[in-house]
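Here is how names work: the chains are called A, B, and so on, in the same order as the sequence lines, proteins then strands, and each is numbered from 1.
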Amino acid sequence: MSDEKKDFIREIIAADIASGKHTAPITRFPPEPNGYLHIGHAKAIGVNFGLARQYADLGARCHLRFDDTNPVKEDEEYVESIKKDIAWLGYEWGDHLYFASDYFEYFYECAVALIDKGLAYVDTQTSDLLKEQRGNVKVPGTLSPHRERSLVENLELFKKMREGGFPDGGAVLRAKIDMASGNMNMRDPVLYRVVHARHHHTGDAWCIYPMYDFAHPLEDAKEHITHSLCSLEFENHRPLYDWVVDNCPVPSKPRQIEFARLNIGFTVMSKRKFIQLVEEKHVGGWDDPRMSTLSGMRRRGYPPEAIRAFVEHVGLTKQNSLSDFALLEFEVRSYLNKIALRKMAVLDPVKVVVTNYPEGESEIVTVPNNPENEADGSRELVFSREFWIEREDFMVDAPKKFFRLKPGGAVRLRGAYIIQHTGHVLDDQGEVSEIHCEFIPNTIGQSAPEGVQCRTAIHWVSCAEGVDAEVRLYDRLFTEEIPDNAEGGYLGCLNPDSLQVITPAKVEPGLAAMAPGERCQFERMGYFCADSEDHTFEKPVFNRIVTLRDSWGAKD
RNA sequence: AGACCCAUGGUGUAAUCGGUAACACAGCUGAUUUUGAUUCAGUCAUUCAAGGUUCAAGUCCUUGUGGGUCUGCCA
């Protein structure tokens, strides 16, 4: 990987190294274990772990830290899935795996230190009252009647909070900053709240939990993080972040830097919607191939290399942006095109009979596994009198620009002969049930003879040799109906408001020419992959990369 | 009485001390092609606006305009 791209964050880091402020950047990826990782997280992962990789020779590193300060939302299942997805993406945290919950005692000490300095107080008013006193963006807040409690009383009450002397919501610890600040985050923010809930990591050891704004800067400082990278919506939190670092006993002073999060058009990327889709069973689970979770993309066969390249391509700025999904697809195709082994498959079969090919005879044709890479070798297929082709590869009333098989026309069978249509049979419904052709001898590896027009090659599967394979068609889920003028043939649509699946993405059985016993997953928009038990892929396999956007046949 | 942030082609990003708009995706044209893919060639911007400083402004200053974030005991 070349990490030569530069951006405003890399410039800051380069300057910090040049000035001697830091010898190497130490970053962190701090997910809350309350859901699966999605493509949006890939950006933060790529940035943080990428930076550590770039400066590895200087001693840089990236910590994986679970920001588990809210027991009611978090679960062990998620920490496992998150670890797995990061590793799959190709990054490693080594020994640097941390849990914010391991610092609970430290947070508590810091809180006591703040109280000692007269910078924090226990407020026992209701949350409604606190909200009322906070004012709004135009109106300054009013002081809490508990703001001037004595040091001793605060210490006592805070201790009582820890010991379970208050019910949920009964008391909070607040920072004493500025109730008139234009920044709402500075209006005496809550530092600790009472939550009597079992924590997935610390069990019942605690009944008070620190708020993000208090815990996060302390976590960073404790781990000697140099550059704490987060998304733009935390910009207004930075003054509070700095306040905490400045007023607590910290071993180091991290710096928070914000960057724009990843947005992709028509793509579901909110945890809330993912949870709803899973719970209401619109999908099979967090790793359903239709989902834009990392585990879903893994099952669809998106290579991690492509996701990393996509993240790199999108770049790092402070501008709110909306990327095209086409950019991700481009990276997927571009990577897959180099390494994927081609197979031929027919999903909606129509039988073809080569009338001038002797019955009972057959021959072997050799087909390259990957035209882009000779080292991938070739495979042998049996060609004989009867085989299947895709129904849509033959048209009775073909438009002028249809290059595949049509009455009187010719087409190349991929890796084999050019065949010429001589006739076809219609069933009771008027559907084509069988096509009759004649093959043109000496056209394997040879161009079409004079007078024969052959513009393309189609897939075919020998009736005798082909195997049935479990084939599933998937479409991505979209946040809304794709406008007609958008390119491609989109199927699965999702209404953003009702979260109702308007057109359920297809999941259909089919027929594929795979090696006996091999399973495959056919992904409608382009390629299909061997879908192993744990949904990981050794080597992706695909046939029509052409059709990533279903352009095959979409043109007239 | 609001605070903070952002502003370059359809999209995402570039542009050293201010020096005359670059790359990729998508689109469109054409060529090649045993995947309508790939590959190759061509094509697509008066840098939000108005002033100002300057020999020179996407870059600096001013004022507007547009967009984003913030009023959880979520992160």
**Q.** Note: A:E223-A:R65 ion pair, threshold 4.0 Å (strictly below)
**A.** yes
Q: State plainly whether the residues A:E235 and A:K318 are in salt-bridge range, i.e. N to O under 4.0 Å.
A: yes
Q) Closest to the A:V314 side chain: B:rA75, B:rA14, B:rG12? A) B:rG12
Q. From B:rC5, B:rA1, B:rG12, pick the nucleotide closest to the side chain of A:K318?
A.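 Among the listed nucleotides, the one closest to the side chain of A:K318 is B:rC5.
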Mind checking if [X] touches a base, just sugar-phosphate, or nothing, with heavy atoms under 4.0 Å?
| X | result |
| --- | --- |
| A:E258 | nothing |
| A:D324 | base |
| A:P140 | base |
| A:P210 | sugar-phosphate |
| A:Y209 | nothing |
| A:L327 | sugar-phosphate |

Let me know the distance between [atom1] of [X] and [atom2] of [N], rounded to the nearest Å.
| X | N | atom1 | atom2 | value |
| --- | --- | --- | --- | --- |
| A:F214 | B:rA75 | CZ | C1' | 16 Å |
| A:F259 | B:rU69 | CZ | C1' | 15 Å |
| A:L240 | B:rC4 | CG | C1' | 14 Å |

Q) When syn is taken as a glycosidic angle within 90 degrees of 0, is B:rG72 syn or anti? A) syn
Q.
For RNA chain B, report each stem as range with range, ordered by first number, or say none. Use Watson-Crick or G-U wobble pairs under 3.5 Å, at least 3 in a row.
A. B:2-7 with B:65-70, B:10-13 with B:22-25, B:27-31 with B:39-43, B:48-52 with B:60-64
(Q) Enumerate the salt bridge (charged side-chain N to carboxylate O under 4.0 Å, His left out) contacts for residues 123-135 of chain A, please, sequence neighbours excluded, ordered by first and then second residue. (A) A:D123-A:R174
(Q) If I pick the C1' atom on B:rU38 and the same atom on B:rG67, what distance separates them, to the nearest angstrom? (A)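 Approximately 40 Å lies between the C1' atom of B:rG67 and that of B:rU38.
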Q) Using atom C1' of each nucleotide, how far apart are B:rA26 and B:rA1 to the nearest Å? A)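 Going atom to atom, C1' in each nucleotide, I get 46 Å.
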At a cut-off of 3.5 Å, list every protein nitrogen or oxygen paired with a nitrogen or oxygen from nucleotides 70-73 of chain B, distance to 0.1 Å.
residue, atom, partner, partner atom, Å
B:rC70, O4', A:N236, ND2, 3.4
B:rC73, OP1, A:R134, NH2, 3.2
B:rC73, OP2, A:R134, NH1, 3.3
B:rC73, N3, A:G169, O, 3.3
B:rC73, N4, A:Q125, O, 3.0
B:rC73, N4, A:S127, N, 3.1
B:rC73, N4, A:G169, O, 3.1

Q. Quick one: is A:R333 getting a side-chain N or O under 4.0 Å of the B:rA26 phosphate, OP1 or OP2?
A.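 Result: yes.
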Q: Tell me whether the OP1 or OP2 atom of B:rU11 has a side-chain N or O from A:S321 closer than 4.0 Å.
A: no
Q: Verify, without hydrogens or angle tests, whether A:Y192 (side chain) and A:Y108 (backbone) share a donor-acceptor contact under 3.5 angstrom.
A: yes
